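Reviewing the structure listed below.
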Amino acid sequence: MENNTFVLSEKEIPTHWYNILPDLPEPLPPELHPGTKEPTILPPPLFSAAINDQEFSPENWIEIPDEVRDAYRLWRPTTLYRAYRLEKLLDTPARIYYKYEGSSPPGSHKPNTAVAQAYYGKKQGVKRLATETGAGQWGSSLAFACMLFGLECKVYMVNVSYHQKPYRRIMMETWGAQCIPSPSPDTDFGQKMLAEDPKSPGSLGIAISEAIEDAFKRDDTLYSIGSVANHVLLHQTVIGQEARKQMEMAGVYPDIIVGCVGGGSNFAGMFLPFVKDKIEGTKPDLRIICAEPTSCPTLTKGPYTWDFGDVAGMAPILKMYTLGHGFIPPPVHAGGLRYHGMAPIVCHLYKLGLVEARAVPQLATFEAGVTFARTEGIISAPETNHAIRVTIDEALKCRQSGEAKTILLAHSGHGHFDMAAYDSYLSGKLQDYDYPEAKVKEALASLPEVP
Ligand SMILES: *Cc1c(COP(=O)(O)O)cnc(C)c1O
C-alpha cells in the first residue's frame with residue numbers, strides 16, 4: 001500500500017515566514033490612509049510596531065519568534081493526506097492531496113496568525129486585543145491565542161453567525177474571551193447601525209469598524225485582524241512551506257492548487273510559497289484556483305479599485321477587487337467567505353494572471369462536503385466545502401480527459417460547529433442565493449474617491 005499520510009516532525013516547523021513582496025513582478029499598490037488618502041502604513045495606534053513593520057517588509061524571510069514556534073508545536077506541523085477514497089469514488093486518474101488545518105485547537109488555519117499577533121501585542125505591553133469575527137473561527141482563534149499569552153480579548157461577532165453558531169461563542173468564553181453580537185451597542189458605530197436597522201444581520205465590514213473603534217479608544221488595546229492584511233498572509237505561509245516538503249516526500253509537485261477565499265489568508269498561505277515558482281518561470285503551467293461563493297463573488301464579479309477595508313471607513317483604503325464596502329452579503333453558512341473585498345496580495349496576483357478564480361453556489365458546496373465526509377471522513381467547514389467543490393470538479397475533468405493531474409487542496413478547517421448547516425442541507429432546506437447584482441451596484445456607487 002502507498003502512503004496515505006505525510007507527516008513532518010516538530011523540528012520541521014518552519015523557522016521563517018515567507019514574504020512574497022520582494023518577489024512580486026510588479027510592486028504591490030500601497031495602502032492609503034482613510035482620511036488623507038495618502039500612502040501610509042496602518043495607523044500606528046491599531047497594531048503593534050512589529051506587525052506594522054511586517055506589513056510592507058522588504059525582507060524575503062522573517063524569523064518566527066521562539067515563543068510563536070513554541071505555540072505552533074501544539075498542532076503543527078499539520079498532516080498532508082492523499083485522498084485515495086475520494087479518488088476511488090470519483091473514478092478519476094487525478095491524484096488528490098489535502099493539507100488539513102482543522103487539527104489546530106480552534107479547528108482552522110486561523111491560529112497560525114493569531115498566536116503571532118497575540119505574542120507581538122504582549123511584547124509591546126498591551127493588556128487587551130479587540131477584533132471582529134464572521135462565523136466565529138477567527139474570534140475563537142484569537143481567544144485561544146490571547147489565553148496562551150495572558151491577554152484579554154474582546155470579539156465583535158457578526159450578528160447572523162452569533163445566532164447560527166452559538167458554540168463558537170461558548171468556545172471563546174471557555175478560553176476566557178468576551179464575545180458580543182455586531183452591530184453592538186458597545187461602540188458609536190454599532191449604535192448607529194442598530195438605529196438604522198435593529199435587526200441588522202451584520203457583516204464582517206461592520207464588525208471590523210466596531211473592533212477598530214474599540215482599539216482606537218483605549219490605550220491598553222490593540223486591534224487584530226484575521227485575514228486580508230499582508231502580515232496575516234505572511235504568517236499563514238507556514239502552511240505552504242510545510243506542504244512543499246510534504247509533496248516532496250510524496251514525490252510529486254502539484255499541477256493544480258485549490259483553496260477557498262474569504263479574505264484570502266488560508267489559501268495565500270498555501271500558494272504563496274508555490275507561486276514563487278511560477279513567477280520565477282520554473283513551473284509556468286502550475287494552476288492556482290481560488291474558490292468563492294456565487295453570492296459574494298468578489299474576484300469573479302467585482303471591479304479592481306480602491307475601497308475601504310471596513311464599512312465605517314476607518315480601516316485603510318486598499319486596492320482590491322471589491323463588491324463595495326457597504327455590501328452586506330446574503331447569509332450563506334460560509335460566514336468566513338462573506339467579505340466585500342479580498343487581500344490586496346491575492347488581488348494583485350489575480351490581476352497579473354498568476355492565479356484564477358471560480359464562484360460556486362452554496363448547495364453544490366455542501367454536496368461536495370458530504371461526498372468528502374463519506375469518503376475521507378472529515379466533516380469540513382462550509383468555507384472549505386467551496387474548495388472541495390472545485391477540487392472534485394477538476395478531478396472529474398481528469399476522468400473525462402484521462403489526465404492524471406496532481407491536485408493539492410488547501411483544507412482550511414473542520415465543520416464541527418456547522419452541524420445545523422449540514423442538517424439543513426440533509427433535510428433539503430438549504431437554498432442557493434443568486435448573485436445580488438442590484439445590491440452590489442448600489443454598494444459600488446459609494447466607493448471612496450481617490451486622487
Ligand atoms: C476564516 C475561514 C476561511 C476564510 O478566510 P481566509 O482568510 O480566506 O482564509 C476559510 N476557511 C475557514 C475554515 C475559515 O475559518
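One-based numbering, in listed order, for ligands and for the atoms of each. Predicted, not measured: the structure shown is a model, and the values here were computed from it. The basis for the numbers below is simple: all heavy atoms, side chains too, and nothing from hydrogens, waters or symmetry mates.
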The ring pair (Phe, Tyr, Trp, His ring centres under 6.0 Å) partner of H411 among Y100, Y97, Y81 is Y100
Between H231 and E55, do the side chains contain an N or O donor and an N or O acceptor separated by less than 3.5 Å?
yes
Heavy atom of H414, distance to ligand 1 below 4.0 Å:
no
Using a 4.0 Å heavy-atom cut-off, say whether N266 meets ligand 1 through its side chain, its backbone, both or neither.
both
Considering heavy atoms of the protein only, find what lies nearest to atom 6 (P) of ligand 1 and give residue, atom and distance to 0.1 Å.
S265 N, 3.4 Å
Once you measure the plane-to-plane angle for H414 and F417, does it fall in the parallel (<30°), tilted (30-60°) or perpendicular (>60°) bin?
tilted
Counting both backbone and side chain atoms, is some N or O of S227 under 3.5 Å from an N or O of ligand 1?
yes
Should you measure from each heavy atom of C260, which atoms of ligand 1 turn up under 4.0 Å away?
10 (C), 11 (N)
Which of the atoms of ligand 1 are close to A381, meaning less than 4.0 Å from one of its heavy atoms?
13 (C)
Taking only heavy atoms of Q137 into account, list the atoms of ligand 1 that are under 4.0 Å away from them.
13 (C), 14 (C), 15 (O)
Keeping Q124 on the side-chain end and A49 on the backbone end, is there a donor-acceptor pair under 3.5 Å?
yes
Out of the candidates W138, F149, W175, only one should pair with F144 under the ring pair (Phe, Tyr, Trp, His ring centres under 6.0 Å) rule; please name it.
W175
Quick one: look up the protein heavy atom nearest atom 4 (C) of ligand 1 and list residue, atom name and how far away it is.
G336 O, 3.5 Å
G264 versus ligand 1: do any nitrogen or oxygen atoms come within less than 3.5 Å of each other?
yes
Would you tell me whether D214 and Y223 have side-chain atoms, one donor and one acceptor, within less than 3.5 Å of each other?
no
Note the single closest protein heavy atom to atom 3 (C) of ligand 1, along with its residue, its atom name and the distance in Å.
K110 NZ, 3.6 Å
Ligand 1 contact on S412 by region, counting heavy-atom pairs under 4.0 Å
both
Are any of the N/O atoms on G262, whether in the backbone or the side chain, positioned under 3.5 angstrom from an N/O atom of ligand 1?
yes
Measure the acute angle between the ring planes of H325 and F308, then classify it against the limits of 30° and 60° as parallel, tilted or perpendicular.
perpendicular
Would you confirm whether T174, through its side chain, and I170, through its main-chain N or O, come within 3.5 Å as a donor-acceptor pair?
yes
Just to verify, which of E242, E12, E10 counts as forming a side chain to side chain donor-acceptor pair (under 3.5 Å) with R76?
E242
V261: numbered ligand 1 atoms lying under 4.0 Å from its heavy atoms
8 (O)
